[in-house]
Amino acid sequence: MAPRFASVDDYIASYPEETRSQLAGVRRTIHAAAPHAAEKISYGMATFTVDGKPLIYYAGWKNHVGLYPVPTGDSDFEDAIGPYRRAKDTVRFPINRPVPLHLISEITELCLQRRAAIAEASES
C-alpha cells in the first residue's frame, strides 16, 4: 500500500535530497505562476487546485519528476517540451538534470488558460 501524506510538505520531505530539491523547485514555480491556487495531496501526488478542482499534479519518481496533465501549446512550446513528453498529457524531467522551471511556468499558464476557457464555455 502506498504511503499517505498529510500535506505536500510531508510528501516532498519523503524523498531523497536530489528529488526533494527538484520537487521544491517545481512547487515554487507553480505557486509563482498560480499564487491563488491551493495545495493538497490527491491520488498520492502533490496537487495544485483552483476553485477546489485540480489544476496540475506533480510527482517524484525514482528517476524523474512528472507533471500531469500537460496541455498542448504553440509550436515553440511543443518544440521545447518535446524531449520531456512521455504521453499525450505527461512530461518527465530527469532527476539528474535541472528541471527547466521556465517550462513549468509555461505549463501552469497553459493549464490556467485551459481552465478559464472551460469556465467561460460552461457559462455560455
Side-chain angles (χ1 to χ4, degrees):
M1 184 172 195
R4 293 185 181 261
F5 300 98
S7 69
V8 173
D9 288 331
D10 290 345
Y11 175 80
I12 291 173
S14 73
Y15 285 91
E17 174 54 36
E18 189 173 36
T19 305
R20 208 169 39 240
S21 175
Q22 299 282 31
L23 290 169
V26 168
R27 181 186 195 187
R28 280 191 306 273
T29 302
I30 295 170
H31 184 71
H36 59 289
E39 292 182 283
K40 70 177 190 174
I41 298 296
S42 181
Y43 296 106
M45 295 181 278
T47 308
F48 276 90
T49 64
V50 174
D51 298 328
K53 297 178 182 168
L55 176 69
I56 192 164
Y57 299 84
Y58 63 103
W61 301 95
K62 183 177 179 179
N63 297 311
H64 69 275
V65 169
L67 264 76
Y68 326 88
V70 177
T72 56
D74 64 23
S75 61
D76 288 340
F77 174 77
E78 290 304 317
D79 288 345
I81 204 78
Y84 306 105
R85 279 220 192 256
R86 293 297 177 259
K88 179 179 137 184
D89 61 355
T90 301
V91 292
R92 291 182 183 174
F93 300 105
I95 292 295
N96 62 355
R97 296 196 327 240
V99 172
L101 297 176
H102 67 283
L103 289 177
I104 303 297
S105 185
E106 287 185 55
I107 290 166
T108 305
E109 287 295 328
L110 285 171
C111 288
L112 288 167
Q113 290 170 14
R114 182 177 62 183
R115 173 65 57 79
I118 290 169
E120 186 176 301
S122 71
E123 291 174 3
S124 301

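Hydrogens, waters and symmetry mates are skipped; everything else that's a heavy atom, side chains included, is used.
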*From His31 NE2 over to Arg28 CZ, what is the distance, rounded to the nearest 0.5 angstrom?*
11.5 Å
*Do you know which two heavy atoms are closest between Pro71 and Cys111, and how far apart they sit?*
CD-SG, 3.7 Å
*Start with the C-alpha gap between Trp61 and Ile95, add the side-chain angles, then the distance that decides, and say whether side-chain contact (heavy atoms from CB on, under 4.5 Å) holds.*
CA-CA 9 Å; Trp61 301 95; Ile95 292 295; over 6 Å; no
*Answer yes or no: is there a donor N or O on one side and an acceptor on the other, between the side chain of Arg114 and the main chain of Leu55, under 3.5 Å?*
no
*Are the side chain of Thr108 and the backbone N or O of Ile104 linked by a donor-acceptor pair below 3.5 Å?*
yes
*Can you name the nearest heavy-atom pair linking Leu110 to Thr72, along with the distance?*
CD1-O, 4.1 Å
_Main-chain N/O of Asn96 paired to Gln22 side chain as donor or acceptor, under 3.5 Å_ = no
_Could you check whether any side-chain N or O of Thr90 sits under 3.5 Å from a backbone N or O of Arg86, counting only pairs where one atom can act as donor and the other as acceptor?_
no
*Do His36 and Leu112 touch side chain to side chain, with heavy atoms closer than 4.5 Å?*
yes
*asked:* If you define the side chain from C-beta out and look only at heavy atoms, does anything of Leu103 sit under 4.5 Å from Val91?
replied: no
*Of the non-hydrogen atoms in Asp79 and Pro83, which two are nearest, and what is the gap between them?*
O-CD, 3.6 Å
*Give me the ring orientation class for Tyr11 and Tyr15: parallel if the planes are under 30° apart, tilted from 30 to 60°, perpendicular past 60°.*
perpendicular
*Where is the tightest heavy-atom contact between Gly60 and Thr19, given as atom of each residue plus distance?*
CA-CG2, 4.1 Å
*Below 6.0 angstrom between ring centroids: does that apply to Tyr57 and Tyr68?*
no
*How many angstroms lie between atom CD1 of Ile41 and atom CZ of Arg4, to the nearest 0.5 angstrom?*
11.5 Å
*So, does Asp51 use its side chain to make a donor-acceptor pair with the main chain of Lys53 at under 3.5 Å?*
no
*Side-chain donor or acceptor of Arg85 paired with backbone N/O of Val70 under 3.5 Å*: yes
*Is any side-chain heavy atom of Glu39 less than 4.5 Å from a side-chain heavy atom of Phe48?*
yes
*asked:* Test side-chain contact (heavy atoms from CB on, under 4.5 Å) on Ile30 and Arg27; report intermediate values, then the result.
replied: CA-CA 5 Å; Ile30 295 170; Arg27 181 186 195 187; over 6 Å; no
*For the hydrophobic clusters of this structure (ILVMFWY residues joined by side-chain heavy atoms under 4.5 Å, transitively), does one cluster hold both Val99 and Ile107?*
yes
*Min side-chain heavy-atom separation Tyr58-Ile12 under 4.5 Å*: yes
*Which value, rounded to the nearest 0.5 Å, describes the distance between Phe93 atom CZ and Leu23 atom CG?*
12.0 Å
*Report the distance from atom OG1 of Thr49 to atom CD1 of Ile56, rounding to the nearest 0.5 Å.*
12.5 Å
